[in-house]
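Everything on this sheet refers to the single structure shown next.
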Amino acid sequence: PVPHRCRWSQKPTLVRRVGAADMQQVVASDTLWVQTTERFEPEDEIVLPDSRTPPILAIEHPQEEDGSFHAKVYLG
């Protein structure tokens, strides 16, 4: 396991489930913003501060205008 500092939000968010051929929309219960160049995959396990390990529902890897990277990970 590799620890990452992140911003954690527990606001429900509607997202398109990663890998869903029918573009299924689901509600993510948690969102993480992780400042990293590493890529997250749907199979990865994320342990939250409250010890939960919810499934990864969707992942975004945007690059900011200043060249910095982060991952936005939506959890179920």
Side-chain angles (χ1 to χ4, degrees):
V2 178
H4 292 283
R5 290 182 57 131
C6 62
R7 190 173 89 184
W8 175 30
S9 170
Q10 293 180 288
K11 177 182 173 186
T13 306
L14 190 62
V15 298
R16 294 201 188 277
R17 187 177 190 105
V18 67
D22 61 358
M23 301 299 284
Q24 175 188 15
Q25 290 187 324
V26 293
V27 177
S29 58
D30 301 271
T31 304
L32 301 177
W33 290 264
V34 187
Q35 189 165 356
T36 183
T37 56
E38 293 183 42
R39 300 196 60 85
F40 289 89
E41 301 297 334
E43 310 80 38
D44 290 342
E45 180 177 86
I46 295 176
V47 180
L48 298 176
D50 62 5
S51 298
R52 290 184 299 129
T53 56
I56 295 175
L57 300 178
I59 307 163
E60 297 174 6
H61 292 100
Q63 182 178 2
E64 301 297 329
E65 290 179 14
D66 66 1
S68 64
F69 289 88
H70 73 276
K72 193 170 184 180
V73 183
Y74 300 92
L75 307 170

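- The shortest heavy-atom contact between Ile59 and Phe40 is CD1-O, 3.4 Å.
- No side-chain heavy atom of Val73 sits less than 4.5 Å from a side-chain heavy atom of Leu57.
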Quick one: side chains of residues 4-15, donor-acceptor pairs under 3.5 Å with protein atoms, not counting sequence neighbours, listed by atom name and distance.
from  : atom 1 : to    : atom 2 : distance (Å)
Trp8  : NE1    : Asp30 : OD1    : 3.0
Ser9  : OG     : Lys11 : N      : 3.3
Thr13 : OG1    : Lys11 : O      : 3.1

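- Between the NE2 atom of His61 and the CZ atom of Phe69 there is a distance of 10.5 Å, given to the nearest 0.5 Å.
- With a 4.5 Å cut-off on side-chain heavy atoms, Glu60 and Tyr74 count as touching.
- The shortest heavy-atom contact between Arg39 and Asp44 is O-OD2, 4.2 Å.
- Between Gly76 and Pro54, the shortest heavy-atom distance links the atoms O-CB, 2.8 Å.
- Glu41 and Ile56 make their closest contact through O-CD1, 3.3 Å (heavy atoms, listed as atom of the first residue, atom of the second, distance).
- Taking 4.5 Å as the limit, some side-chain heavy atom of Ile46 sits within range of a side-chain heavy atom of Leu32.
- In terms of heavy-atom proximity, Arg16 sits nearest to Ala58 at O-CB, 3.5 Å.
- Annotation: the span from Trp33 atom CH2 to Lys72 atom NZ amounts to 5.0 Å, rounded to 0.5 Å.
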